[in-house]
2 protein chains.
Amino acid sequence: MASKDRIQRLKDETRINILDASLQIVKEEGWQALSMRKIADVIEYTAPIIYEYFSNKEAILLELTRKGFLILARDMKAAKEKHRLPGKQLEAMWFAYWNFAFAEKELYQVMFGVDVNCCELGKIMPEADVPADMVCEVIKDLMAPHKPTEDEVCTTYYTFWSVMHGLVSINIVRKGRSDETNKQVLKAAIGGIIRSIKG
Amino acid sequence: MASKDRIQRLKDETRINILDASLQIVKEEGWQALSMRKIADVIEYTAPIIYEYFSNKEAILLELTRKGFLILARDMKAAKEKHRLPGKQLEAMWFAYWNFAFAEKELYQVMFGVDVNCCELGKIMPEADVPADMVCEVIKDLMAPHKPTEDEVCTTYYTFWSVMHGLVSINIVRKGRSDETNKQVLKAAIGGIIRSIKG
DNA sequence: TACATTTGCTTAACACTGTTAAATGATTTA
DNA sequence: TAAATCATTTAACAGTGTTAAGCAAATGTA
């Protein structure tokens with residue numbers, strides 16, 4: 001019967017509706033506000049229905065994660081194909097990555113587990129600024145010959161911290177590589193930035 | 001009366017017990033397993049008691065965050081004082097940061113919001129590996145003159161990704177700097193790594 | 001057409017979560 | 001001894017993810 005097809009089509013549609021509704025809620029209220037009952041509200045069903053399409057909440061997040069990776073791959077591929085030289089390709093691909101992260105902020109968050117914490121932590125907790133301030137002072141010393149502006153010091157700190165936080169994150173979230181590789185990457189990254197300051 | 005002091009001392013102790021219990025639970029079962037009732041269980045009280053010491057759960061996390069920043073600041077200060085040259089100081093401080101992140105993994109997580117997601121995502125979701133694989137291929141092209149090993153390509157990707165993820169994270173979590181600064185840092189970081197590959 | 005079965009969906013419930021208000025019982029104060 | 005304060009618990013509310021039971025309409029079968 002052809003009605004089987006129609007029913008299947010409807011089922012496929014509600015599956016997509018569930019994913020769309022989830023993303024919509026997250027965009028409006030953030031990840032922590034996403035609940036099964038809220039999703040059900042949006043798609044105009046009751047909560048248990050969702051379990052006919054996804055085995056649990058985690059499965060929904062996983063599907064959105066997949067969706068994110070597909071978009072990211074598409075964007076990076078397109079960026080690559082605009083250039084011939086590998087150096088240019090690489091740069092373009094990472095710019096695509098950067099743009100994706102902010103164009104699809106919510107997907108990036110579920111893909112890489114970035115918490116949306118309180119911003120401006122230092123405002124309510126001065127201790128939180130101490131380590132950064134300490135590093136900035138040393139950077140100022142190091143850059144002294146160049147007479148850096150406050151902003152240049154900040155930018156350098158920012159680059160440093162990004163590398164460090166990135167390395168730490170990937171090692172905590174997906175504890176992959178050996179300690180040897182880590183030390184190597186770490187030393188290379190720090191050395192590289194320091195050299196770029198001096199040079 | 002001196003008994004006032006004794007009682008105050010006991011109260012102070014319970015406050016510390018709450019924090020210790022929280023950290024203990026997190027170390028054993030992870031952040032998502034931390035609940036008020038579980039904390040109460042460990043300190044051998046019932047849940048509402050905790051609200052005499054902390055206004056809510058968030059306040060406990062905030063106190064642990066503060067604790068983390070104090071330890072991090074102490075460690076980085078000690079590392080700095082072992083050297084005279086700013087370059088060496090900087091390196092030592094970031095190594096201290098690195099060591100802190102893993103010695104006090106749980107504190108680092110609550111400080112910087114690193115989600116403890118499923119590891120080995122690519123195993124259960126092949127799509128998740130596509131972007132990384134794409135980049136690795138270009139890196140291989142770029143490094144072709146050096147005839148890199150699989151591991152060297154991987155390490156380079158790893159460094160790239162760390163910078164990117166670090167930059168993105170700080171911009172999502174604490175959306176601070178201007179787009180201009182971001183583009184600047186981004187271009188410098190990518191350019192720097194590419195140059196270090198070629199050189 | 002009449003009965004049986006499957007399907008789609010809801011209601012109800014369980015075991016949790018953070019949090020608050022009320023009740024209890026012991027200790028201190030007058 | 002009576003009153004008042006304090007420490008602590010029990011009970012409850014509203015929310016969470018998830019499962020089981022029930023109902024009612026659509027479908028298959030005789």
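All of these numbers come straight from a predicted model, not from anything done at the bench. We name chains A, B, ... by the order of the sequence lines, and we start the count at 1 in each one. All values below were derived from every heavy atom in this structure, side-chain atoms included, with hydrogens, water molecules and symmetry-related copies excluded.
- The separation between B/Lys38 atom NZ and C/dT19 atom P is 16 Å, rounded to whole Å.
- Between the C1' atom of C/dT17 and the CH2 atom of B/Trp31 lies a distance of 17 Å, rounded to the nearest Å.
- Note on B/Glu52: a base of the nucleic acid sits closer than 4.0 angstrom, heavy atoms only.
- Among the nucleotides C/dC9, C/dT19, D/dA7, the one closest to any side-chain atom of B/Met36 is C/dT19.
- Two rings, from A/Trp98 and A/Phe95, have their centers 6.0 Å or more apart.
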I'd like to know whether A/Gln109 forms a side chain to side chain contact (heavy atoms under 4.5 Å, CB included) with A/Val26, so could you lay out the CA-CA distance, the side-chain angles of the two residues, the decisive distance to 0.1 Å, and finally the verdict.
CA-CA 11 Å; A/Gln109 284 174 34; A/Val26 169; 5.8 Å; no
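- The CG atom of A/Leu10 sits 12 Å away from the C1' atom of C/dG8 (whole-angstrom rounding).
- Taking the side chain of B/Ser35 as heavy atoms from C-beta on, and the options D/dA11, C/dT17, D/dT18, the nearest nucleotide is C/dT17.
- The pair A/Lys67-A/Glu63 does not count as a salt bridge, with every side-chain nitrogen at least 4.0 angstrom from each carboxylate oxygen.
- Straight-line distance from the CD atom of B/Gln32 to the P atom of D/dT16: 17 Å, rounded to whole Å.
- Residue contacts for A/Ile50: at a heavy-atom cut-off of 4.0 Å it reaches no nucleic acid atom on any strand shown.
- Residue B/Leu34 is in sugar-phosphate contact alone, with no base atom involved, counting any heavy-atom pair closer than 4.0 Å across all strands shown.
- You'll find the ring centres of A/Tyr108 and A/Tyr97 inside the 6.0 Å limit.
- Summarising the geometry, the separation between OH on A/Tyr53 and C1' on D/dT18 is reported as 18 Å, rounded to the nearest angstrom.
- Contact annotation for A/Tyr51: base contact, defined as any heavy-atom pair under 4.0 Å involving a base atom.
- Atom CZ in B/Phe54 sits roughly 15 Å away from atom P in C/dT20 (whole-Å rounding).
- With rounding to whole Å, A/Ile39 atom CD1 is found 10 Å from D/dT18 atom P.
- Checking C/dT10, D/dT9, C/dT19 against the side-chain heavy atoms of A/Ile49 singles out C/dT10 as nearest.
- In this structure, A/Ile43 atom CD1 and C/dG8 atom P are separated by 14 Å, rounded to whole Å.
- Of all the heavy atoms in A/Tyr53 and A/Lys11, the pair that sits closest is CE2-O, 3.3 Å.
- With hydrogens and angles ignored, no donor-acceptor pair closer than 3.5 Å exists between the side chain of A/Arg37 and the base of D/dG15.
- Closest contact between the side chain of A/Tyr45 and the listed nucleotides D/dT9, C/dA12, C/dC9 involves C/dC9.
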